[in-house]
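Working notes, structure below.
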Amino acid sequence: MRRFFVSPGDIDNSQVYIKGSNAHHLTQVLRLKEGDKVIVFDGSGREYHVVLKNISRDLTVGEIIDVSVSGRDSKVRVSLVQGIPKGDKMELIIQKCTELGIAEIIPVLTERTVVKLEEGKKEKRRERWQKIAQEASKQCQRSIVPHIGEICTWNQYLASIGNDDTILVLWENEKTVGLKAFLENNKHLDKLTLVVGPEGGLSQEEVEELLQLGARTVSLGPRILRTETAGFAALVMVLYELGDLG
Ligand code: SAH
């Protein structure tokens, strides 16, 4: 069945409102008709089974016939704090991590981040990334859309860390503790954060600041992975060991 993402405000007790480009896609491209059934999701985890009632070019109204919770979302909540990389690598990271089951991605400007983002452009960029997460969720039939946090500075990120957060810093200079060993000893975790540096890595000072806040460093093995590989490799390992992958 076709799936449509709408914002939570477009769903009431008995009806959903499919608007804008979604409505256009529904009528002009898919040529759906009144009486056809579709699935609508709003990113919250619920899925609405809907019969289309009133179809026009810019607005389709559907009647909700059933609500369910999708079984496609992992109970283990993994957040990725990603040092913003160059070019469009962030888009790839968001798309792949969404498919694999990430809960949240927080883009941070680190000491070695090369891209310069003007203040006015940050929100636009974040919205674009959020849209990519939305599209990827739709494609892989997740009903929870990962949240893309506001682009923040390193200090803003440090200030947001809570006391009970489990934070793993993926660090190529960690020679003793591997992610594998960490996960074997922490099988009951249901929430954790992975921190990945940009192309040039995290600085020694950044790693130390995180350690002071209770984070720990882990290695992903003997090879140096690209920044766009490190996050999703780690995510796969976490959700394979503790979650629902594999
Ligand atoms: N500082 C290095 C490589 C950075 S790789 C350099 O410039 O040569 C980019 C990021 O990927 C790192 O900050 C780290 O978070 C992650 N990463 C890559 N390989 C890793 C490994 N073997 N173990 C843990 N993290 C790794």
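Since we're looking at a predicted model, the values are computed, not measured. Each ligand, and each atom within it, is numbered from 1 in the order the structure gives.
Checking V196, V78, L80 one by one against L235, the side chain to side chain contact (heavy atoms under 4.5 Å, CB included) holds for a single residue, V78.
Taking the ring centre of F41 as origin, the terminal cationic atom of R46 falls outside the region bounded by 6.0 Å and 45° from the ring axis.
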Taking a 3.5 Å cut-off between nitrogen or oxygen atoms, can you list every pair linking ligand 1 to the protein, with distances?
from: ligand 1; atom 1: 1 (N); to: E172; atom 2: OE2; distance (Å): 2.8
from: ligand 1; atom 1: 1 (N); to: G200; atom 2: O; distance (Å): 3.3
from: ligand 1; atom 1: 13 (O); to: G197; atom 2: N; distance (Å): 3.2
from: ligand 1; atom 1: 15 (O); to: L170; atom 2: O; distance (Å): 2.6
from: ligand 1; atom 1: 15 (O); to: G197; atom 2: N; distance (Å): 3.1
from: ligand 1; atom 1: 19 (N); to: L225; atom 2: N; distance (Å): 2.9
from: ligand 1; atom 1: 22 (N); to: G221; atom 2: O; distance (Å): 3.0
from: ligand 1; atom 1: 22 (N); to: R223; atom 2: O; distance (Å): 2.8
from: ligand 1; atom 1: 23 (N); to: L220; atom 2: N; distance (Å): 2.9
from: ligand 1; atom 1: 25 (N); to: W171; atom 2: N; distance (Å): 3.4

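Side-chain N/O atoms of Q204 and E208 include a donor and acceptor closer than 3.5 Å. A donor-acceptor pair shorter than 3.5 Å cannot be found between the side chains of S219 and E174. E111 and S203 share a donor-acceptor pair across their side chains, judged by distance under 3.5 Å alone. Between the side chains of D12 and Y17, at least one donor N or O sits under 3.5 Å from an acceptor N or O.
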